[in-house]
Amino acid sequence: MIDRRLIRDEPDRVRAGLARRHAAVDIEGLIALDHEHLKNLQLSEKLKHERNVASEEIGKRKAQGEDIAPLHAAMKETSATIKTLEARNKEIEEQLDALLLTVPNLPHATTPDGADSAANVVVRSVGAAKKPFDDVLPHWEIGEKLGILDLEGGRRVSGRGFIVFRGDGALLCRALIQLMLDVHIAQGYDEVAVPFLVHRASMTGTGQLPKFEEDMYQVPADELFLIPTAEVPITNLHRESVLEKEKLPIKYVGYTPCFRREAGSHGADTRGLLRVHQFDKVEMVKFVHPDSSYDELETLVNDATAVIEALELPYRVVALSSGDLGFAAAKCYDLETYAPGVDKWLEVSSCSNFEDFQARRAEIRLKKSEGEKHKFVHTLNGSGLALPRVVASILEVHQTPTGRVRIPPGLRPYMRGKEYLG
RNA sequence: GGAGAGAUGCCAGAGUGGUUGAAUGGGGCGGUCUCGAAAACCGUUGAGCGCGCAAGCGUUCCGAGGGUUCGAAUCCCUCUCUCUCCGCCA
């Protein structure tokens, strides 16, 4: 949520930021509502003051046995006026909140300008996007050939977009999770194991709701949502609380499955592992002081790429343009690994600085000392990493002409020392 | 699913219509004492919003939302959450 004060005090900045995002938001309506609300508030506070003074007077006179009827009558009227004003302001607040929750974050100054992903900027590339040999099979073919990937099984059990790993494939997933957790724990993150179902307040806190309800799997009987990312439960760990700045940065890493309906993306990447409804992911979440959040974003990216490097995959770091930015992010880097079988860069991680956007929604405050103006911590998160696309990259990058897949040495300790899959 | 209890400041815990933003204790912070520390003693210590350059002033907040009243932490209604016991269950 962006700051209501910012809309009031610097409307031009808000307009410019939203324009950069190409977001259609009724900012003028917001300003008008805020204005009316403020006017009513000031009037009702003035009346309340009168009432408080009179009430105290009534108390005193009553104690002395004086006649208080005239004052009673006057105050009755005042109270009625206050009630009317407050009722109207409550209406306004509801509208204001509903509107405000649908306003995306403003892009940071360093976020490149652009309407969509075409304007994204590759800031760093490591390793070459080339085929290890001619006729590299796409991951689904080599995976099924090796008996480690069972797409038909996933369809039979749950339908399109669900996958089954077998044997070394299942082991590979487990190994990747372990490797990622170990790497990030060594980088100073505290491991957490969190719920996979969360309530509406948590979903609203991180920004998935109210705008993206149709993207979520729901459990209506209990009003719970399956998490689309561990970002939701981990960030909400500190919902409605005050963090002391001496304790920052707080760094968490956690493994969870992620559930996404992918409504609206039917037809895209339908084959193999590139877009599925349920996948495993290791996620890093940081709560940091506002002064250092952009430095923390850079180290977050490095923490994530350390895993890619351990897996010996070519990758690039892409700064998302203002139009491609996620709803809650002010700045975001995508990490993409190359997959020669499908000849694509696969988004395996998204590292974002949300500044105080999530913290304001989730009320994750910063305990401030005298004279400090920051009220909220900054939150960041980054995948480290999302599994299926990493598996796809591994199956294609480390494929050999003889139809085998080499296990990168960094992963072997987690796979009983094996050198090849299958 | 059934029965009961509870929700007050950083924590514990008083408070049942009129200077109660809230007793008391603990904790934190500052000080006295001390070579230093502990103990003891003294002082201090919530947040949101509005107005203001500031000092400050006003207003709201005792789980949430409504109601009664000139006036509510205190009375009434609804909801949520937590805990305990029983049942069921991995």
Side-chain angles (χ1 to χ4, degrees), chain A residues 1-11 30-101 193 195-205 209 219-225 233 236-248 250 257 287 356 359-377:
Chain A
M1 191 153 62
I2 64 173
D3 191 355
R4 218 169 115 186
R5 288 294 293 266
L6 192 65
I7 295 174
R8 187 182 307 159
D9 298 340
E10 300 178 63
L30 270 173
I31 293 172
L33 281 174
D34 179 59
H35 205 79
E36 189 186 346
H37 180 267
L38 188 57
K39 213 180 67 193
N40 291 343
L41 181 70
Q42 288 171 357
L43 181 54
S44 85
E45 287 193 354
K46 199 178 127 226
L47 292 175
K48 278 181 184 172
H49 176 57
E50 288 171 16
R51 184 177 69 184
N52 286 343
V53 171
S55 290
E56 203 182 319
E57 186 66 23
I58 289 174
K60 277 183 198 156
R61 290 200 198 175
K62 200 175 174 183
Q64 294 167 11
E66 291 179 31
D67 178 30
I68 50 178
L71 262 178
H72 259 206
M75 283 308 107
K76 193 159 192 155
E77 200 173 311
T78 303
S79 276
T81 310
I82 291 170
K83 199 174 242 181
T84 310
L85 283 171
E86 292 199 323
R88 173 60 189 148
N89 256 9
K90 208 190 146 199
E91 266 175 45
I92 296 176
E93 261 169 66
E94 277 166 15
Q95 289 178 44
L96 221 39
D97 285 346
L99 273 169
L100 232 32
L101 284 174
F196 305 158
L197 284 89
V198 298
H199 52 221
R200 182 169 288 273
S202 287
M203 281 295 211
T204 306
L209 293 180
V219 184
D222 297 292
E223 290 190 87
L224 291 169
F225 296 82
N236 279 284
L237 238 29
H238 291 291
R239 198 163 59 84
E240 289 172 33
S241 51
V242 180
L243 302 179
E244 290 167 40
K245 65 169 184 271
E246 291 73 26
K247 301 226 168 101
L248 302 177
I250 295 171
F287 300 83
D356 62 7
R360 180 172 288 108
R361 285 176 164 244
E363 292 182 70
I364 308 168
R365 286 177 287 263
L366 180 68
K367 185 161 189 177
K368 49 180 177 178
S369 24
E370 202 70 30
E372 288 179 323
K373 65 179 198 313
H374 289 300
K375 280 198 295 207
F376 296 99
V377 301

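Order of the sequence lines fixes the chain letters, A, B, ..., with proteins taken first and strands second; residue numbering starts at 1 for each chain.
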Report which part of the nucleic acid A:L41 touches: base, sugar-phosphate, or nothing (heavy-atom distance under 4.0 Å, all strands).
-> sugar-phosphate
Presence of A:H49 side-chain N/O under 4.0 Å of B:rU59 phosphate oxygens OP1/OP2 = yes
What integer number of Å spans the C1' atoms of B:rC62 and B:rG48?
-> 15 Å
Straight-line distance of A:N40 CG to A:N89 CG, nearest 0.5 Å | 4.5 Å
May I have the distance from A:E50 (atom CD) to B:rU60 (atom C1'), rounded to whole angstrom?
-> 17 Å
Under-4.0 Å side-chain N/O to phosphate OP1/OP2 contact, A:K83 with B:rU68 = yes
Could you measure between the two C1' atoms, the one in B:rG63 and the one in B:rC81, and give it in whole Å?
-> 7 Å
Any A:K76 side-chain nitrogen or oxygen under 4.0 Å from OP1 or OP2 of B:rC70 = yes
When rounded to the nearest 0.5 angstrom, what is the spacing between CG in A:D34 and NZ in A:K39?
-> 12.5 Å
Can you check whether A:D97 reaches A:M1 side chain to side chain, under 4.5 Å on heavy atoms?
-> no
Measure the spacing between CG of A:L47 and CD of A:E77 and express it to the nearest 0.5 Å.
-> 10.5 Å
Answer yes when A:K48 and A:E45 have at least one side-chain N-carboxylate O distance shorter than 4.0 Å, and no when they do not.
-> no
Does the side chain of A:R51 get closer than 4.0 angstrom to OP1 or OP2 of B:rU59 through an N or O atom?
-> no
Nearest-Å distance, CG (A:L224) to C1' (B:rU80)?
-> 14 Å
Any donor-acceptor N/O pair under 3.5 Å between B:rG58 base and A:E45 side chain | yes
Rounding to the closest angstrom, what is the interatomic distance between B:rU80 and B:rA23 at atom P?
-> 33 Å
Output yes when at least one side-chain N/O atom of A:S44 is less than 4.0 Å from OP1 or OP2 of B:rU59, else no.
-> no
May I have the distance from A:L38 (atom CG) to B:rG52 (atom P), rounded to whole angstrom?
-> 10 Å
Rounded distance in Å between the C1' positions of B:rG50 and B:rU44 | 28 Å
Using a cut-off of 4.0 Å on non-hydrogen atoms, how would the nucleic acid contact of A:E56 be classed: base, sugar-phosphate, or nothing?
-> nothing
If you measure from the C1' atom in B:rG25 to the same atom in B:rU45, how many Å do you get, rounded?
-> 15 Å
Respond yes when some side-chain nitrogen or oxygen of A:R8 is under 4.0 Å from OP1 or OP2 of B:rG50, and no when none is.
-> yes
Remember a base hit wins even if backbone is also touched, and classify A:K90 as base, sugar-phosphate or nothing at under 4.0 Å, heavy atoms.
-> sugar-phosphate
If you measure from the P atom in B:rA73 to the same atom in B:rG9, how many Å do you get, rounded?
-> 15 Å
Rounded to whole Å, CG of A:N89 lies from P of B:rU60 at a distance of 14 Å
Please measure how far the C1' atom in B:rC76 lies from the corresponding atom in B:rG21, and state the result in whole Å.
-> 25 Å
Check whether any side-chain heavy atom of A:V198 lies under 4.5 Å from a side-chain heavy atom of A:N236, and answer yes or no.
-> no
Of A:E86 and A:A73, the one whose closest RNA chain B nucleotide lies more 5' | A:E86
Within less than 4.0 Å of OP1 or OP2 of B:rG71, is there a side-chain N or O belonging to A:N52?
-> no
In whole angstroms, the gap separating C1' of B:rU69 from CD1 of A:I58 amounts to 10 Å
Take A:R365 and A:M75, find for each the nucleotide of RNA chain B with the closest heavy atom, and name the residue whose nucleotide sits nearer the 5' end.
-> A:R365
Examine the side chains of A:H37 and A:E93 and answer whether a donor and an acceptor come within less than 3.5 Å of each other.
-> yes
For B:rA7, the nucleotide meeting Watson-Crick or G-U wobble distances (both under 3.5 Å) is B:rU80
Mind checking A:R61 for me? I need base, sugar-phosphate or nothing, with any heavy atom below 4.0 Å counting as a touch.
-> nothing
Roughly, in whole Å, what's the span from CZ in A:R4 to C1' in B:rG48?
-> 12 Å
Partner of B:rG71 by Watson-Crick or G-U wobble geometry, both contacts under 3.5 Å, or none?
-> none
Given atom CD of A:E36 and atom C1' of B:rG50, what is their separation to the nearest angstrom?
-> 17 Å
Paired with B:rC85: which nucleotide, if any, by Watson-Crick or G-U wobble criteria at under 3.5 Å for both distances?
-> B:rG2
Who pairs with B:rC51 - Watson-Crick or G-U, where each distance is under 3.5 Å | B:rG56
How far does the C1' atom of B:rG46 sit from the matching atom of B:rG28, given to the nearest Å?
-> 13 Å
Are any non-hydrogen side-chain atoms of A:R51 and A:S79 less than 4.5 angstrom apart?
-> yes
Value in whole Å for how far the C1' atom of B:rG50 lies from CG of A:D3 | 15 Å
Any strand is fair game: report the nucleotide pairing with B:rC41 by Watson-Crick or G-U wobble, both distances under 3.5 Å, or none.
-> B:rG31
